S.K.: 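A single structure is presented below for examination.
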Amino acid sequence: MRPPKGTYDVLPLDLSKQGYSSDAIEHVRSAFIQAAQRAGFQEITTPVLESTDLFIKSTGISSDVVGKEMYTFLDRSERSMTLRPEGTPGALRALSLAKGHEKQLYQKVYYIGPMFRYERPQQGRHRQFIQFGMELLGPKHSAMDLDLIAVASQAFKTLGLEVELQINTIGTLEERKKFRQALTDALLPVKEQLSEESQKRLVTNPLRILDSKNEQDQDLLKNVPCLEDFLGEDSLNYFEQVKTSLTACGMRFTHNPRLVRGLDYYSDTVFEWTCDTIGAQSALGGGGRYSGLYKTLGGDQSEGVGFACGIERVLLALEAKNGAYKELAGRDLLCIPVTSTVTSSLLKLIFAIRSKGYTVDLHPIPSPKKLTKALQSADSRNFRFAMIVGEKELAAGQVVIKNLKTKEQVPIALSEEKILEIINKA
Ligand code: AMP
């Protein structure tokens, strides 16, 4: 039986065909978590299953996510439930319920977990995918936008990815309403020439037409009013502050006036990181500022800025850059005893090396006939060293340790110090 369409199993490296192995996921996950924790973000975990209402109230009915992509069903008590399509609503609901705003002047949280969207699966687009996200709540200040953007940039840098940061401002709700009307007025006469998707969006969410990838749509957009012309002084000044502080911190970005992002609650700053090596789904992550959302979900007036990033797309970008994921993780040593007696005698040594923080796997099947297979397994499981120990070696206290990358073998004394010396030298 295959997993449901658009979903995948996460398997150990040597069994994983797709590239989303548990090792590779952990590599990306830890880069984001470490960057967030170093900036003072703390983890928040909320249910995967939420009341449908939560997303209607927050993510918004006119977003594609709520309008056509949610996994929604009635539970056995006839309540409408939804598998969360994104993390922000749950996180903000939980913070407001815990009265975070009464206890602290600001909140900084991160989350990581599965999200669900009924989309047409393709490279980098799944129906169950993993998002890492952050939310920063407090009084509105451009330093918050900067702080959050810096954490994501740091994670991409740690992973060695070359990404482009695009930013824009979409102003306030009032300003967008006026622009929305002007945009609709300008596009209605040429409606028939728009792509099918954009024709639908003209009714549901005209702003999204701006980031249509269709070339003819883009041609037609050359003659429409510009969002920036509808923004007031406050919105323009705020955006200037964000841009100035990004520049002051040496963070490179492009101002993309067509960037609007898909969720209803954004206002002012929006941003996105793209990577041109991973095909059509080139947005690795993105986010933006929101103003009324926390209050809608039970909190106070706090404003916020959030970010979310798809782990799978980051993995695709890493694969495009580095090839296989094999280099990402390295386990230290596979110990292959050739008889059960050797196994028992080696356990103390193995436990001692493990307790120093090294990974030592004990090959559980002592079978001299299958040594080649055991060594191949060490290689495919990404061990750096293998050590075959027979009765004679044990008696003599001498053993051969093999570097699986260089294929070099050296005889050493069977002792913790000597083994660690070899492992640490490589
Ligand atoms: P969004 O929540 O739509 O702003 O998306 C933020 C990030 O989540 C995107 O840039 C992607 O990396 C990732 N993402 C969104 N939808 C999917 C999906 N269906 N499959 C894989 N990743 C996704």
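Remember, predicted model here, so these are calculated numbers, not experimental data. Counting starts at 1 for both ligands and their atoms, in listed order.
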S.K.: Can you figure out which of Gln131, Gln128, His126, Glu86 has its heavy atom closest to atom 5 (O) of ligand 1?
M.R.: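 Checking each option, the heavy atom nearest atom 5 (O) of ligand 1 is found in Gln131.
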S.K.: Name the option, out of Glu119, Gln122, Arg117, that contains the heavy atom nearest to atom 19 (N) of ligand 1.
M.R.: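 Result: the heavy atom closest to atom 19 (N) of ligand 1 is in Glu119.
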S.K.: If you measure every N or O of Cys309 against every N or O of ligand 1, does any of those distances drop under 3.5 Å?
M.R.: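 No; every N/O pair is 3.5 Å or more apart.
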S.K.: Please confirm whether Arg127 makes a cation-pi placement over Tyr118, using NZ or CZ under 6.0 Å from the six-membered ring centre and within 45° of the ring normal.
M.R.: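 Ring-cation test returns yes.
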S.K.: Please check if atom CG in Leu105 has more than 12 non-hydrogen atoms from other residues, nucleotides or ligands closer than 6.0 Å.
M.R.: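 Open: at most 12 neighbouring heavy atoms sit under 6.0 Å from CG of Leu105.
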S.K.: Any N or O on Phe129 sitting closer than 3.5 Å to an N or O of ligand 1?
M.R.: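 No - when backbone and side-chain N and O of Phe129 are compared with those of ligand 1, no distance drops under 3.5 Å.
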S.K.: State whether the shortest distance between N or O atoms of Ala283 and N or O atoms of ligand 1 falls below 3.5 angstrom.
M.R.: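 Looking only at distances, the answer is yes, because the N/O contact criterion of under 3.5 Å is met.
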S.K.: Tell me which protein heavy atom sits closest to atom 12 (O) of ligand 1, plus the residue, atom name and distance to 0.1 Å.
M.R.: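 Here the closest protein heavy atom is Leu284 O, 2.7 Å.
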S.K.: Return a yes/no value for Arg125: is any of its N or O atoms, backbone included, closer than 3.5 angstrom to an N or O of ligand 1?
M.R.: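 No: no nitrogen or oxygen of Arg125 is under 3.5 Å from one in ligand 1.
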S.K.: On the six-membered ring of Phe253, is Lys243 placed so that its NZ or CZ lies under 6.0 angstrom from the centre and within 45° of the ring axis?
M.R.: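 No, cation not above the ring by the 6.0 Å, 45° rule.
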S.K.: Any chance you could measure Ser80, atom OG, to Phe73, atom CZ, to the nearest 0.5 Å?
M.R.: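 The OG atom of Ser80 sits 8.5 Å away from the CZ atom of Phe73.
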S.K.: Can Lys178 be said to sit on top of Phe230's aromatic six-ring, NZ or CZ under 6.0 Å from centre and within 45° of the ring axis?
M.R.: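 No, Lys178 does not lie over the aromatic ring of Phe230.
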S.K.: For atom 4 (O) of ligand 1, tell me which residue out of Arg261, Arg313, Glu272, Glu312 has the closest non-hydrogen atom.
M.R.: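 Minimum heavy-atom distance to atom 4 (O) of ligand 1 goes to Arg261.
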S.K.: May I ask whether Arg127 has any heavy atom positioned less than 4.0 angstrom from an atom of ligand 1?
M.R.: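 False for this residue.
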S.K.: Would you sort out whether Glu272 and Arg261 count as a salt bridge (Lys or Arg N to Asp or Glu O under 4.0 Å), showing the intermediate values?
M.R.: CA-CA 8 Å; Glu272 193 164 274; Arg261 304 218 18 101; 2.6 Å; yes
S.K.: Which residue supplies the protein heavy atom nearest to atom 21 (C) of ligand 1, what is that atom called, and how far is it?
M.R.: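 For atom 21 (C) of ligand 1, the nearest protein heavy atom comes out as Gly124 O, 3.3 Å.
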